[in-house]
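Have a look at the structure below, then the notes.
Per chain, numbering begins at 1; letters A, B, ... match sequence-line order. Computed from heavy atoms alone, side chains included, the values below leave out hydrogens, waters and symmetry copies. The model shown is predicted, which means the values in this text are computed figures rather than measured ones.
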Amino acid sequence: MTQIRLTNTRTRRKEDFVPIDPANVRLYLCGPTVYDRAHLGNARPVLVFDLLVRLLRHEYGDRAVTYVRNFTDVDDKINAEAQRRRAAGSDLSLEALIAERTEETIGWYHADMDALGALRPDHEPRATAYVGQMVAMTADLIAKGHAYEAEGHVLFDVRSFPDYGQLSGRSVDDMIAGARVEVAPFKRDPMDFVLWKPSSDDLPGWDSPWGRGRPGWHIECSAMSAALLGPHFDIHGGGIDLQFPHHENEIAQSCCAHPQAGFANVWLHNEMLQVEGKKMSKSLGNFFTVRDLLDRGVPGEVIRFVMLSTHYRKPMDWTETKAQEAEAVLRRWHGLVAGIEPATSPAPALIEALADDLNAAGAIAVLHDLAGREDAAGLLASARMLGLLLPGMGEWAQADGEAAGQIEALLAARLAARQARDFGRADAIRDGFAAAGVEVKDTAQGPEWSLAAGFNPARLADLARTHGT
RNA sequence: GGCGGGUUGGCGGAGAGGUUACGCACCGGAUUGCAAAUCCGUGAAGACCGGUUCGAUUCCGGUACCCGCCUCCA
């Protein structure tokens with residue numbers, strides 16, 4: 001068994017991972033707010049956790065890991081979208097419009113993450129299904145003196161939790177000095193945050209001891225993780241931008257509600273995604289979703305490869321060049337493992353790389369080594385450990401029947417030209433292949449071909465029209 | 001203002017206090033009608049300034065620059 005080591009944001013150190021219960025390793029990942037398509041940055045924590053889950057299952061057994069990722073379906077952006085649809089003339093009720101929107105978005109999310117080869121979590125709780133637990137937890141926090149009611153709101157009293165700020169390395173006083181906090185007059189302390197807030201009649205709401213309202217954002221993860229994983233579990237994660245305030249607030253709520261439990265042992269945060277060296281944002285015009293890339297013909301497997309090639313704790317830069325290089329590598333590997341059965345286990349060096357704080361880039365180097373030694377069975381088994389070269393994943397790298405027919409005809413034409421010593425024509429076909437993104441290797445057994453990155457069916461068809469037989 | 005991350009060879013990107021990362025590109029050779037692919041081989045690094053050390057790109061301190069968070073955000 002390989003000792004897994006993970007960098008724990010809470011302690012800022014790389015630590016040996018020791019599960020609370022090796023027969024049931026429990027993880028929670030903060031999932032998406034379901035109001036729109038997942039953008040590329042949303043995919044990063046999903047892939048980090050996907051890799052982690054695969055590793056944990058490899059070490060502790062397939063049934064010994066419980067992976068929870070929530071859907072946030074209570075949110076003002078969702079409400080705004082539903083209100084917009086109703087204003088646009090929809091006859092449906094607000095609740096129905098919200099349900100419609102969230103269902104649609106969850107379907108998109110599943111399709112997009114599936115395309116990246118990400119395993120579905122064991123549980124995907126929706127916030128709306130746990131409002132009762134959130135109300136109960138809120139009431140409990142009031143009873144324990146950690147929260148108070150004010151003007152229909154329930155607020156968490158940060159001064160009642162001395163460790164507040166420990167995760168993100170801030171003190172309440174420092175943050176107030178920074179003073180960019182919404183100052184609501186009914187707050188005892190500017191850093192106090194909302195557990196429950198009132199809903200007007202045109203917003204979704206649930207009955208509660210504090211009137212009709214809806215939960216604040218942070219309480220859902222505290223309630224759902226407790227319900228599905230218990231008050232003490234192994235790993236909790238998300239993007240580094242969630243470290244504060246979301247995760248800080250989760251810790252405050254959960255630790256105060258369950259003082260002896262300890263909440264999450266390990267906090268795992270991935271760094272942010274950039275695009276061509278800049279923050280991805282709508283204003284810079286470099287904002288795109290996973291679906292945008294897939295629709296543009298970038299295979300999910302390529303996106304996954306690029307994502308894995310940068311360590312999760314470093315900023316990851318998405319560039320067109322990386323996508324092309326990844327595509328070329330994957331095409332080569334697909335060719336190498338075609339028709340091969342995977343080895344019984346992944347390469348030990350690959351597991352060691354992953355166990356060392358999910359060093360996926362190091363793991364990919366191991367794959368290059370296996371490929372270089374033409375260990376196709378080992379390459380396949382190891383790549384699958386990373387969620388690459390999975391069955392059915394490489395269809396994008398295969399030529400369809402039409403292209404294959406054209407290529408075969410052109411190869412025959414080239415052979416005929418060479419035998420006739422018409423090297424001008426032979427070279428024209430050769431250059432045409434290169435321009436169309438078809439790689440031809442002349443071996444002792446005759447030509448072998450494969451599609452390269454940037455394969456262009458239209459150019460191939462032109463070439464076939466000009467030189468085909 | 002507070003907090004955090006980064007800076008490695010032409011590009012991407014890891015690990016390790018002293019021994020080749022790796023991939024792509026480049027260069028030389030083999031091979032080829034010419035190429036491609038392949039094989040063999042050569043180069044090439046760790047922002048800057050100090051410190052610790054026999055020895056640091058790797059540890060410590062400082063400086064510069066880049067990025068992010070502190071407000072919805074993965």
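- Side-chain atoms of A/H269 and base atoms of B/A74 include no donor and acceptor less than 3.5 Å apart.
- Looking at residues two or more places apart in sequence or on another chain, you find no salt bridge (charged side-chain N to carboxylate O under 4.0 Å, His left out) involving A/R10.
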Contacts under 3.5 angstrom, residues 300-308 of chain A side chains, donor-acceptor by atom type, not counting sequence neighbours:
residue	atom	partner	partner atom	Å
A/E301	OE1	A/H334	NE2	2.8
A/E301	OE1	A/W396	NE1	2.8
A/E301	OE2	A/H334	NE2	3.3
A/E301	OE2	A/L389	N	2.8
A/R304	NE	A/L386	O	2.8
A/R304	NE	A/G387	O	3.2
A/R304	NH1	A/D50	OD2	3.1
A/R304	NH1	A/L116	O	2.9
A/R304	NH1	A/G117	O	3.2
A/R304	NH2	A/D50	OD2	2.6
A/R304	NH2	A/L386	O	2.9

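- The stretch residues 370-389 of chain A participates, sequence neighbours left out, in these side chain to side chain donor-acceptor pair (under 3.5 Å) pairs: A/D369-A/R373.
- Of the C1' atoms belonging to B/G6 and B/G43, the separation is 29 Å, rounded to the nearest Å.
- Within 4.0 Å (heavy atoms only), A/G238 reaches sugar-phosphate atoms of the nucleic acid but no base atom.
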**Q.** Per-nucleotide protein contact string for nucleotides 4-15 of chain B (B base, S sugar-phosphate only, - none; heavy atom under 4.0 Å)
**A.** SSSS----SSSS

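- Remark: A/R188 pairs with A/D157 by the salt bridge (charged side-chain N to carboxylate O under 4.0 Å, His left out) rule, at least two apart or across chains.
- The stretch residues 67-81 of chain A comes close to RNA chain B through A/K77, each having a heavy atom under 4.0 Å from the strand.
- Going from the P atom of B/C49 to that of B/C40 covers 39 Å, rounded to whole Å.
- For RNA chain B, if you chain together Watson-Crick or G-U pairs that step i with j, i+1 with j-1 and so on, the runs of at least three with distances under 3.5 Å are B:1-7 with B:64-70, B:10-12 with B:22-24, B:27-30 with B:38-41, B:47-51 with B:59-63.
- When the P atom is compared between B/A16 and B/A74, the two are found 32 Å apart, to the nearest whole Å.
- The ring pair (Phe, Tyr, Trp, His ring centres under 6.0 Å) test applied to A/F193 returns A/F156, A/H218, not counting sequence neighbours.
- Remark: A/D163 engages no residue in a salt bridge (charged side-chain N to carboxylate O under 4.0 Å, His left out) (not counting sequence neighbours).
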Q.
I need a per-nucleotide contact map over nucleotides 36-46 of chain B, read 5' to 3'. Cutoff is protein heavy atoms under 4.0 Å; write B for the base, S for backbone only, - otherwise.
A. BS---------

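- Judged as a side chain to side chain contact (heavy atoms under 4.5 Å, CB included), and not counting sequence neighbours, the contacts of A/R459 are A/A435, A/A436, A/N456.
- Residue pairs satisfying the salt bridge (charged side-chain N to carboxylate O under 4.0 Å, His left out) criterion with at least one member in residues 240-252 of chain A, sequence neighbours excluded, are absent.
- Here, B/C39 and B/U53 have their C1' atoms 44 Å apart, quoted to the whole Å.
- Mapping A/G239 and A/Q274 onto RNA chain B by nearest heavy atom places A/Q274 closer to the 5' end of the strand.
- To the nearest whole angstrom, the two P atoms, one in B/A36 and one in B/A45, are 28 Å apart.
- Straight-line distance between the C1' atoms of B/U42 and B/C26: roughly 11 Å, to the nearest whole Å.
- Nucleotides B/G9 and B/U57 are separated by 14 Å at their P atoms, to the nearest Å.
- By the 30° and 60° cut-offs, the orientation of the rings of A/F263 relative to A/W267 is tilted.
- Exactly one of A/R5, A/K14, A/R313 qualifies for a salt bridge (charged side-chain N to carboxylate O under 4.0 Å, His left out) with A/D357. That residue is A/R313.
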